[in-house]
Asker: 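Take this structure first; my questions come after.
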Amino acid sequence: MSVGPALDAGLALLASALAVWVVLARQAFGAVVGFVAFGLVLSLAWLRLGAVDVALTEAAIGSGVTGAVLLAAVTRLHCARPVVAAARCGRRTRAISIASAGLVSAGLAALVLSPTDPAPTLAPQAAAALPELGVGNAITGILLAYRSVDTLLEKIVLLLALAGIWSLARDGAWGDRPAPPGSGRRDGTLTLLGQVLPPLGIVAGIYIVWVGADAPGGAFQGGAILAAMWILALMARLADPPVVGRIGVRLAVGIGPIVFLAIGFAGFALPGGFLSYPAGFAKPLIIVIEVALTFSIAVVLGLLVLGPSARGTQR
Amino acid sequence: MLTGQASTLPETNSPIGFLLVLAIALPAGGVALSLLLGGRGAQRLAMATMPLGVAVALVVAGNIWRSGRSLTYLVGGWHPPLGIALRADGLSAVMLLTTAVVIGAVCLYARGSFGLPAGADERRAPLVFWIMLMGVWSGLNAVWLAGDLFSLYVALELLTFSAVPLVSLDGSAATLEAALRYLLFALIGSVLYLLGTALLYGGYGTLDLVLLSHVIKPEPTAFIAASLMTAGLLAKTALFPLHLWLPPAHAGAPAGGSALLSALVVKGSFILTVRLWFEAMPSLLHLGTSQLLGALGAAAVLFGSVLALRQARLKLMIAYSTIAQIGYLFFLFPLASAPAEATSMFGDDWNGIAWTGGMMQLVAHATAKAAMFMAAGLIAEALGHDRIAEFAGLGRALPVTMLAFGLGGMSLMGLPPSGGFVAKAMLLVAAMAEGQWWWAVVILVGGLLAAGYMFRVFAPALAAVDVTMRRRVVVPQSRQAVVLALAICAMLLGLMPLRPSQLLEVGRPASVTALTR
Amino acid sequence: MSVLRDLFTIVLVSAGAVFFLAGTAGLLRFPDPLTRLHALTKADNLGLGLIVIGLLPQADGILAGLKLVVVWLLAQLAGAAATRLVARATGRPG
Amino acid sequence: MSDAALYGLCSAVLVGVGLYGTIVQPQPLQKILAFNIVGSGTFLLFGVIARRGAAADMGGDPVPQAMVITGLVVAFSATALAVALLLRLHDEAGRADDAPTPPATDDETSGC
């Protein structure tokens, strides 16, 4: 295959050029559009690097959901005049930052061009322990067994981010619905899209979680797709944003981490201790955790996109 | 196994190792359940977690002290480098205890400002405050205990995400701007840290701190990784000249939140810097790095103190003093890593004394600063403002609070018999004994400047005036008592003997001891 | 047989690529948003359609072929909706 | 040049460009974008390292790949929180337009 290197070079160049565009763009809107394109190029690069799981996550979260948040923000900021003192940097600051950023780049480049030989890897160890868990996808094994405590803490990070965003509501609006995404007008095309796409997307999302134990896919990727479908339905005004003070919403948000923690604590009864799984039951337990997490991740990602409660959004 | 590849250690779980999990998971579970229960539930959960967390810290510290051995817990039974180990040495024990004491005091104090009466509806600020308090606790304990550089990254993010909303809890434009700037600084800091983590994994195939210390070599990979990680961590610690975000953020949070941020949160990234250099890559510490870090610390002491002197508002003054006090911590790097020939002069373990002194400074500052911020909060509640120039008669109006504030200030100045005195004295003698007198000069000048800004508060507050102070709100005695108790803790630390602490010696990085020989 | 199949694929995928190129050129060169959208959507829908048809003979089975067709249909749907939204946004005064 | 080296250089460029942007971009939204670019560069570095560690019938070392998945979610949460802060700040500042509040900080703190 001689196309491969050319494709890699093209993707690397395109990603770098888009990054420069995003950073130097005078207008925020152009920068955001550039960033979304940058995310898509990167997910192709991840495919080329043989990381299908990461490519899925990058496309769904790094480019998709992040893009939704940024585009919504840039449209809202567009109407307002800039308030944060936007003083341009002086020539000296620029020179210093070019020098320091260039230094970091040069250091990194020197290191990637002179790799350790043989390159260290944990792949054999990760693969050797997989049969014990009964899952086929090593990434799922890492996220939910070997390094599960990272995943657990990261779920708490998501909850804290949500609470942090909710804390930006005005006191009078606390617990109310967030403002619906989009322009606020009904639109025929959008309604059609909102009716056709979510059923397909929901099937795709659930499929990605389901195969995640053995093939590329998992809770984050599936959850992000489900969240995107929900946002789409909200944009098309086929559903209202939820009243975030309701116990049902809180339950949906918390159930994933709570199930994860509960199964973790149950591990104290086993020789392996916290977050260990009984022999032979690892895979079913991992799937239970994944399903609960997917549900919560979908809800939390959606709510993170929606933002804090706003008063007067109830129809 | 390939050469240069990290292999597993013969580690097993300590009998009470499960407590290390509880220290992290209890408050983490509190965060998840608080969102679910809402309303008063969050406060109740925090109040229920608090004694449990304090008990866990006490048992862990007691066990390490008695047995003289570190604790280990392999999560899920997986050995590093594939799995993650939680480890508690003497330093972790001290930090667990400090965190528990300060957070316990903040819990009791904050009941006054964020307590909901029975049957009241859920309100925004209280719910968020209690959730973030537990998030801070979980994140800090994870920083003290995690033995894996990537888990530590997640722990740092846990801290960031629970610290930032505390800053903008009042929702004013000024605090929102402070929170945004803090968030951006913290995010760049974490991403630089993560960049170094990637390089280390690429070079050595493990992120476990102990395994890494066995295989790491003084070569470009390690050096570039260490520089990036240190730069990131210093931005999070607000060491001069990366301190710009700190004063508005720490001054903008509600008093209980300021206490958490100033006393504890900035220490998380500091301890991580210490572990990185002293534990993971001690062989790199001699390339002038320790002197550079010390010099930045010295600049922070002088710069922060002078700016603290110029502040018109009490909370900003305390925040600038935090910048100065963080500076002292960085004297640890040159003083605790002195080469053998410099330390054997007087036949004593001067590196060990500097190590204990630096950590004492950390603990003393944590307790003293938390007490001072909470005292400032009470003053602001009572007066409705915190303008230092209008403090006339405050000493008579709020004697207990002012006493607590003063005791905290003594520790900052380094007056005996405070914890700050012991800490600064140990750093001072270590500097003299090791022939690095220039740090001693900065320590003394910093103490004088601290005396200066404390005097600026006390001069009007204790002045004999006829006008009786007009108080807006009567501050309950119980809250003043909590603040005073914390300040007394900072004082009691002054009873420590001036030698390496037995607890801190447990699992003290081999580098510090080996260098002394 | 396989040569013929490959030839079919090569011709159609190349034709599709030409349409994409034309669409991109239109996007860059046309004066206002509406004409740009016009160039983009026409060329891209056709281009993607040609590429999908070209790839169909190379698919591993009925299911894989079906997936390709679904990809094309979804892209049509999303493209149409996105175009309409962009057009409406530009048509709005201000 | 191997694909790993190529994407490695790309990640070095992304980190550098992003860092430059975080320092000099005056607009907060673009600072947030620049932070995301530094993050993407960092994740890509993990991917390059994973690619080099391909072994045991895997296209790459799964450990760094799993870390990237965790990191992407954290980066998204950070972006969402930063954007929400920025939007609320705009609301507040828009309200207080008529009576500008005195800045709470000294001149020293208003960096670039």
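To find a chain, count down the sequence lines: A is the first, B the second, and so on, and within it residues start at 1. Note that this is a predicted model, so its numbers are computed, not measured.
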Asker: At their closest point, which heavy atom of A/Trp174 faces which heavy atom of B/Arg123, and how far apart are they?
Answerer: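 Shortest heavy-atom contact: NE1-C, 3.9 Å.
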Asker: Just give me the residue among B/Asn13, B/Val164, B/Leu199 that pairs up with chain A most often, heavy atom to heavy atom, under 4.5 Å.
Answerer: B/Leu199
Asker: For A/Phe265, is it the side chain, the backbone, both, or neither that has a heavy atom closer than 4.5 Å to a heavy atom of chain B?
Answerer: side chain
Asker: Considering non-hydrogen atoms only, spot the tightest contact between A/Arg250 and B/Gly38 and give its length.
Answerer: NH1-CA, 3.9 Å
Asker: Can you tell me if B/Tyr73 uses its side chain to pair, donor with acceptor, with the backbone of A/Phe274 under 3.5 Å?
Answerer: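 Looks like yes, one N/O pair under 3.5 Å.
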Asker: Between chain B and each of A/Ser114, A/Gly254, A/Ala145, count heavy-atom pairs under 4.5 Å; write down the option with the most.
Answerer: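 The option with the most such pairs is A/Ala145.
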Asker: Whether the side chain of B/Arg124 engages the backbone of A/Ser167 through a donor-acceptor N/O pair (distance < 3.5 Å, no angle test) should be reported.
Answerer: yes
Asker: Counting only heavy atoms not in B/Asp170, do more than 12 sit closer than 6.0 Å to its CG atom?
Answerer: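 Above 12, so yes.
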Asker: Looking only at heavy atoms, which two atoms of B/Trp78 and A/Ala129 are closest? And how far apart?
Answerer: CZ3-CB, 3.6 Å
Asker: With a 4.5 Å heavy-atom cut-off, do A/Phe268 and B/Phe18 have their side chains touching?
Answerer: yes
Asker: Quick one: what part of A/Val157 sits under 4.5 Å from any heavy atom of chain B, side chain, backbone, both or neither?
Answerer: both
Asker: Using a 4.5 angstrom heavy-atom cutoff, name the option from B/Leu176, B/Leu35, B/Leu169 with the most pairs to chain A.
Answerer: B/Leu35
Asker: For A/Val112, is it the side chain, the backbone, both, or neither that has a heavy atom closer than 4.5 Å to a heavy atom of chain B?
Answerer: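 A/Val112 has no heavy atom closer than 4.5 Å to chain B.
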Asker: Look at A/Leu261, A/Val149, A/Asp171 and state which one has the largest set of heavy-atom pairs under 4.5 Å with chain B.
Answerer: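 Greatest number of close heavy-atom pairs with chain B: A/Asp171.
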Asker: Residue by residue, which of residues 283-290 of chain A have a heavy atom closer than 4.5 Å to a heavy atom belonging to chain B?
Answerer: none
